[in-house]
Amino acid sequence: GAERGRLVDAYVDGHKYVAGKRAVVFGDEDLVVGLTSFLTEIGVHVVVAASGGRSGRLEATLRQEIPDLRQDVVVLEDADFDLIDRASAQAGPDLLVGHSKGYPTSRALGVPLVRAGLPVHDRVGGQRLLHVGYRGAQHLFDLIVNTLIGQAQDASPVGYAYM
């Protein structure tokens, strides 16, 4: 009850920062499906969904589980970071969502990486990141919104201290 209510309030407050943003999502197939669903739900356009997994079912699962998934999403299976890098550069994302191995891509593109999934080798506490339930969704939503706000602040010629 209360956790759900707080999450819905956060969605309302943060929607203006995430709506229409473009994201690249990568990681294990099940996590990519969950993250892509979450991002689509909050108004982020997933432009690349990539996994090193080899099930052969990633795209079909994404389309089955996420009816609002954009038709132009690039789905990559059995993908390495060379392939993800090329697809990401072509897609022009606003952020990346995945594990810490995506940091070089993030740095090269000049877009932030929201760390989700494993491994997270470049931050403390990666093994404690919570992505499930209302609390996990709240944490991830706040992290995404604050990452985008921080990027906008850093890019502003005057900067600002209030949202």
Side-chain angles (χ1 to χ4, degrees), residues 3-4 7-8 10-106 108-120 123 126-149 151:
E3 287 180 356
R4 182 182 182 280
L7 180 59
V8 170
Y11 280 4
V12 171
D13 293 342
H15 182 74
K16 62 188 169 201
Y17 300 106
V18 298
K21 296 295 185 186
R22 299 165 59 83
V24 170
V25 179
F26 56 90
D28 292 332
E29 290 175 305
D30 56 344
L31 184 64
V32 169
V33 172
L35 289 172
T36 300
S37 178
F38 175 76
L39 290 166
T40 300
E41 178 181 305
I42 65 172
V44 174
H45 301 307
V46 174
V47 292
V48 176
S51 178
R54 300 176 180 151
S55 74
R57 299 189 322 246
L58 181 59
E59 184 159 10
T61 302
L62 285 165
R63 300 235 179 256
Q64 176 185 332
E65 297 300 321
I66 311 166
D68 295 335
L69 186 67
R70 293 169 53 116
Q71 290 303 309
D72 61 350
V73 63
V74 174
V75 179
L76 304 173
E77 297 188 58
D78 193 16
D80 61 16
F81 270 98
D82 286 335
L83 184 57
I84 294 169
D85 288 350
R86 287 193 304 273
S88 297
Q90 192 168 30
D94 298 300
L95 74 155
L96 303 169
V97 182
H99 51 73
S100 65
K101 290 182 181 179
Y103 178 72
T105 305
S106 165
L109 294 176
V111 298
L113 169 63
V114 173
R115 287 158 182 82
L118 296 172
V120 175
R123 296 291 185 271
Q127 72 276 20
R128 292 184 298 277
L129 290 174
L130 179 63
H131 305 313
V132 298
Y134 291 126
R135 277 192 229 159
Q138 182 75 71
H139 170 76
L140 186 57
F141 183 78
D142 292 349
L143 185 58
I144 290 167
V145 172
N146 287 328
T147 296
L148 291 168
I149 290 171
Q151 183 186 34

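What you see is a predicted model, and the numbers here were worked out from it, not measured in a lab. Only this structure's heavy atoms are used, side chains among them; waters, hydrogens and symmetry mates stay out.
Here the shortest heavy-atom pairing between Ala89 and Leu109 reads CA-CD2, 3.7 Å. Of all the heavy atoms in Ile84 and Ala50, the pair that sits closest is CG1-CB, 3.7 Å. The two residues Tyr134 and Leu7 have their closest heavy-atom pair at CD2-CD2, 3.8 Å. Between Leu113 and Gly98 the shortest heavy-atom distance is CD1-O, 3.7 Å. For the pair Gly110 and Gln151, the tightest heavy-atom approach, listed with the atom from each and the gap, is O-NE2, 3.8 Å. Of all heavy-atom pairs between Ala87 and Val48, the closest is O-CG2, 3.9 Å.
Residues Leu140 and Leu35 are in side-chain contact: their nearest non-hydrogen atoms beyond the backbone lie under 4.5 Å apart. Side chains of Val47 and Asp72 form no contact here, defined as non-hydrogen atoms less than 4.5 Å apart. Put simply, the side chain of Asp82 reaches to within 4.5 Å of the side chain of Arg86, judged on heavy atoms. Taking 4.5 Å as the limit, every side-chain heavy atom of Asp94 sits out of range of all side-chain heavy atoms of Val111. Looking at Lys101 and Phe26, their side chains never come closer than 4.5 Å, going by heavy atoms from C-beta outward.
Of the options Gln64, Glu65, Arg63, a side chain to side chain contact (heavy atoms under 4.5 Å, CB included) to Thr61 is made by Glu65 and by none of the others. The only member of Leu148, Leu39, Ile144, Ile42 that meets side chain to side chain contact (heavy atoms under 4.5 Å, CB included) when paired with Lys21 is Leu148.
Between the CG atom of Leu76 and the CG atom of Leu83 there is a distance of 4.5 Å, given to the nearest 0.5 Å. Considering CG of Asp28 and OG of Ser55, their distance stands at 11.0 Å, rounded to 0.5 Å. The CZ atom of Arg115 sits 10.0 Å away from atom CG of Leu96, with the distance rounded to the nearest 0.5 Å. Taking CD from Glu29 and CG from Asp78, the interatomic distance works out to 9.5 Å, rounded to the nearest 0.5 Å.
Under a 3.5 Å cut-off, the side chain of Thr40 and the backbone N or O of Thr36 do form a donor-acceptor pair.
The local environment of CD in Glu3 is crowded, with over 12 non-hydrogen atoms from other residues, nucleotides or ligands closer than 6.0 Å.
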- side-chain contact (heavy atoms from CB on, under 4.5 Å) between Leu62 and Val73: does it pass, once the steps are laid out? CA-CA 10 Å; Leu62 285 165; Val73 63; 5.9 Å; no
